[in-house]
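Below is one structure, written out as structure tokens, with a few remarks after it.
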There are 2 protein chains.
Amino acid sequence: MPEPTLKDVAALAGVSPRTVSNVVNGYVHVAAATRAKVEAAIQELDYRPNILARNLASGRSGQIAVVIPYLDTPYFSELLQAIIPRARHRGFNVLIDQTDGDPAHEAELIRRRPRGFAYDGMIFSPLGLAQADLSQRDPDLPLVVLGERSSDGEFDHVGIDDVAAARDAVDHLISLGHRRIAAIGDQPYRTGEAAQRRTAGYRQAHEHAGLPVDDSLVIVTPRFNRVDGAEAMGHLLDREDPPTAVFAYSDLVALGAIRTILQRGLRVPEDVAVIGYDDIEDGRYNTPTVSTIAPDKAGIAAAAVDRLLERIDSGNDLPGKEIVCPYRLVPRESTVGPVTPD
Amino acid sequence: MPEPTLKDVAALAGVSPRTVSNVVNGYVHVAAATRAKVEAAIQELDYRPNILARNLASGRSGQIAVVIPYLDTPYFSELLQAIIPRARHRGFNVLIDQTDGDPAHEAELIRRRPRGFAYDGMIFSPLGLAQADLSQRDPDLPLVVLGERSSDGEFDHVGIDDVAAARDAVDHLISLGHRRIAAIGDQPYRTGEAAQRRTAGYRQAHEHAGLPVDDSLVIVTPRFNRVDGAEAMGHLLDREDPPTAVFAYSDLVALGAIRTILQRGLRVPEDVAVIGYDDIEDGRYNTPTVSTIAPDKAGIAAAAVDRLLERIDSGNDLPGKEIVCPYRLVPRESTVGPVTPD
DNA sequence: GCTGCAATAGTGAGCGCTAACATTTTTTCG
DNA sequence: CGAAAAAATGTTAGCGCTCACTATTGCAGC
């Protein structure tokens with residue numbers, strides 16, 4: 001037997017299809033008695049609306065795309081874990097697309113809706129694309145950009161104040177008495193805007209404290225992962241004048257750096273203090289636990305989803321909006337040492 | 001201006017909508033000249049088919065759901081990385097659903113297509129559900145089950161021979177001279193079928209070698225992660241007669257165990273040899289690198305996707321099929337020590 | 001030259017729902 | 001108490017595509 005349709009329900013309940021549709025979609029102006037009648041019919045037939053038909057009729061797919069560089073990088077997977085329930089709650093399903101940071105792929109995704117995919121809007125966390133590349137986008141695609149850049153009002157953007165966060169991280173190290181502080185993760189090239197903001201914060205913290213910046217302590221890494229952190233830390237420790245503290249541009253970098261420090265028989269934080277960025281779960285369970293900048297991931301996810309749906313509802317004719325979410329500095333063992341819990 | 005439709009293209013090309021549809025969908029019987037004409041019109045109008053309309057007309061969503069317990073567990077994320085391109089290549093988009101192993105959620109997903117989601121079939125990797133629970137499924141949902149169980153011909157199942165794989169892992173340790181071998185990860189309860197298969201392999205290997213099994217060396221853990229591995233290893237090392245080798249039921253467990261061993265000042269593999277299961281990337285880059293059972297993830301992904309699409313195409317009236325994929329034993333440093341590359 | 005079968009193209013009926021518009025019933029209030 | 005506003009429901013035309021069914025053409029075989 002074929003699936004029951006809305007018409008079947010209407011016939012059984014003795015009302016019009018329109019009324020059934022109203023009930024199914026929670027429209028307000030339905031008399032209680034009518035609603036009960038319709039719901040009984042729905043129960044009896046085990047009716048479920050055909051989503052495909054609804055999509056065509058409404059012109060909506062009920063899906064949003066979330067485009068991130070890496071699915072298995074903790075920061076992104078944790079962010080995704082926050083985005084999905086938020087979207088679900090609002091009646092939208094999430095399509096995930098991983099770009100590997102490939103600039104061509106990223107550019108293509110915002111330039112033109114790919115064939116065979118149905119989504120009503122996109123949350124996009126670019127990696128291989130510079131600020132400027134984002135203007136070449138499909139103006140009809142409702143878009144919210146995540147991450148470290150500013151939108152200049154051209155599009156919606158959700159993120160934290162990275163420069164301030166980086167400055168806070170380095171301030172924390174300075175306040176602990178450190179004077180030779182390395183930075184691991186700079187990317188002084190076109191698409192390294194995120195890294196450059198952290199470097200800017202690093203410099204600001206030094207300036208505020210009246211400390212000189214030793215440029216040789218700012219280490220460039222191609223990515224923000226464990227291996228990069230471990231290698232960079234190795235080079236730093238090979239120097240005659242190694243730093244006493246490290247600001248790592250991600251928790252993964254921090255974890256890699258800590259591992260190298262420990263492998264050399266040195267202690268964290270006694271010999272070298274380390275602070276990371278992102279507040280990923282691995283850092284919270286590491287030995288030592290990793291001090292970090294904790295962006296409000298739930299807040300970012302909620303803001304991004306809500307803004308995107310607002311934009312979709314509006315027919316995509318809203319001006320670009322800059323949404324700045326809070327972050328917290330979370331001191332843990334890797335900077336302040338073991339804390340005895342009460 | 002509204003999006004161009006198939007009709008617009010047909011008008012411009014001077015053919016019928018049907019012919020345009022044929023061209024778009026790569027139907028064979030289209031004269032080359034006609035095809036060229038239509039393609040030119042498509043180009044000119046920048047036409048893209050409306051997926052929503054196609055879905056309704058064809059009764060297909062072009063999407064499949066992949067249901068896994070955890071998105072950020074390396075084994076699953078790596079498997080997903082293999083499934084997605086395979087499905088894409090075949091013209092299907094992948095919807096990801098994470099269950100956290102929640103039995104109720106898992107049961108619900110296979111019992112009844114949730115409202116608001118469109119997919120034509122499901123690849124399902126159950127965690128909180130026992131074999132028996134799978135029979136309570138929606139018979140109309142094209143389903144392929146992944147992981148460690150057998151289907152008994154009731155549904156399609158793709159996996160490796162876990163009992164044999166576990167046996168091989170333990171054989172490997174035995175062949176290296178180990179006689180006291182622990183197993184970390186047993187789950188002797190209803191939903192622990194996967195773990196129980198590995199324990200069976202562990203026992204078989206002992207039997208074949210004529211070794212007695214010391215049941216106190218079979219450690220139960222609630223999950224297969226680093227923390228569980230680290231804790232279990234701690235208990236084992238606290239014993240008066242610690243094992244000289246460990247078969248960990250996942251690479252994460254192995255990584256946790258290795259960490260505990262190293263923290264105690266012992267060496268791997270000289271003091272304790274460790275072999276894992278899954279062949280995740282973390283294990284390949286760990287120090288020491290982790291010996292493991294490497295399931296053919298690409299093969300599993302391909303088999304699962306292909307079988308599911310076959311089932312969808314057939315209208316879901318295929319008998320259940322058991323697909324067994326190959327695996328490899330990969331000896332690395334954690335059992336055989338450093339290997340000098342040529 | 002005629003039949004018959006491929007190859008090629010056209011016609012039109014939906015797919016099951018939404019939503020604009022229309023209609024009827026109920027409520028509000030001077 | 002009657003007019004107007006609000007609530008409740010009905011009517012119906014699509015949404016843009018696919019696909020079963022038809023109609024036309026080309027050409028081999030006799």
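Because only heavy atoms are used, hydrogens play no part in the values below, and waters and symmetry mates are left out as well, while side chains stay in. The chains referred to below are lettered A, B, ... by the order of the sequence lines, with proteins before strands, and numbering in each begins at 1.
- Taking side-chain N and O atoms only, Ser16(A) has a distance below 4.0 Å to OP1 or OP2 of dG10(D).
- The side-chain heavy atoms of Glu108(A) and Pro114(A), taken from C-beta on, include no pair separated by under 4.5 Å.
- The backbone N or O of Ala303(A) sits nowhere less than 3.5 Å from a side-chain atom of Asp306(A) that would complete a donor-acceptor pair.
- Remark: Thr19(A) is not in phosphate contact with dT9(D), judged by side-chain N or O atoms under 4.0 Å from OP1 or OP2.
- The CG atom of Leu52(A) sits 13 Å away from the P atom of dT18(D) (whole-angstrom rounding).
- For Asp120(A) (side chain) and Ser61(A) (main-chain N/O), a donor-acceptor pair under 3.5 Å exists by modelled atom type.
- Across all strands shown, Arg54(B) has heavy atoms under 4.0 Å from sugar-phosphate atoms exclusively, and none from any base.
- When each of dA9(C), dG16(D), dG16(C) is scored by its nearest atom to the side-chain atoms of Thr5(B), the top-ranked nucleotide is dG16(D).
- In this structure, CG of Leu56(B) is placed 12 Å from P of dC17(D), rounded to the nearest angstrom.
- Rounding to whole angstrom units, CG of residue Asp8(A) and P of dG16(C) are separated by 9 Å.
- Checking the phosphate oxygens (OP1, OP2) of dC19(D), no side-chain nitrogen or oxygen of Ser21(B) falls inside 4.0 Å.
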Step-by-step salt bridge (Lys or Arg N to Asp or Glu O under 4.0 Å) determination, Asp317(A) to Arg311(A) | CA-CA 7 Å; Asp317(A) 67 346; Arg311(A) 180 167 284 280; over 6 Å; no
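- For Ile64(A) against Leu309(A), the heavy-atom pair with the smallest separation is CG2-CD2, 4.2 Å.
- Comparing dC17(D), dT11(D), dT9(D) by their closest approach to the side chain of Thr34(A) singles out dT9(D).
- The CZ-P distance, from Arg35(B) to dA7(C), rounds to 14 Å in whole Å.
- Taking atom CZ of residue Arg18(A) and atom C1' of nucleotide dC21(C), one finds them 10 Å apart after rounding to whole Å.
- The NZ atom of Lys7(A) sits 10 Å away from the C1' atom of dG14(C) (whole-angstrom rounding).
- With the nearest nucleotide of DNA chain C identified for both Tyr47(A) and Asn22(B), Asn22(B) has the one nearer the 5' end.
- Following rounding to the nearest Å, Asn55(A) (CG) and dC17(D) (C1') show an atom-to-atom distance of 14 Å.
- Among the protein residues, Asn25(B) comes within range of the sugar-phosphate backbone only, with heavy atoms under 4.0 Å from sugar or phosphate atoms but none that close to a base.
- Protein atom CG of Leu6(A) is 13 Å distant from nucleotide atom P of dC15(C), rounded to whole Å.
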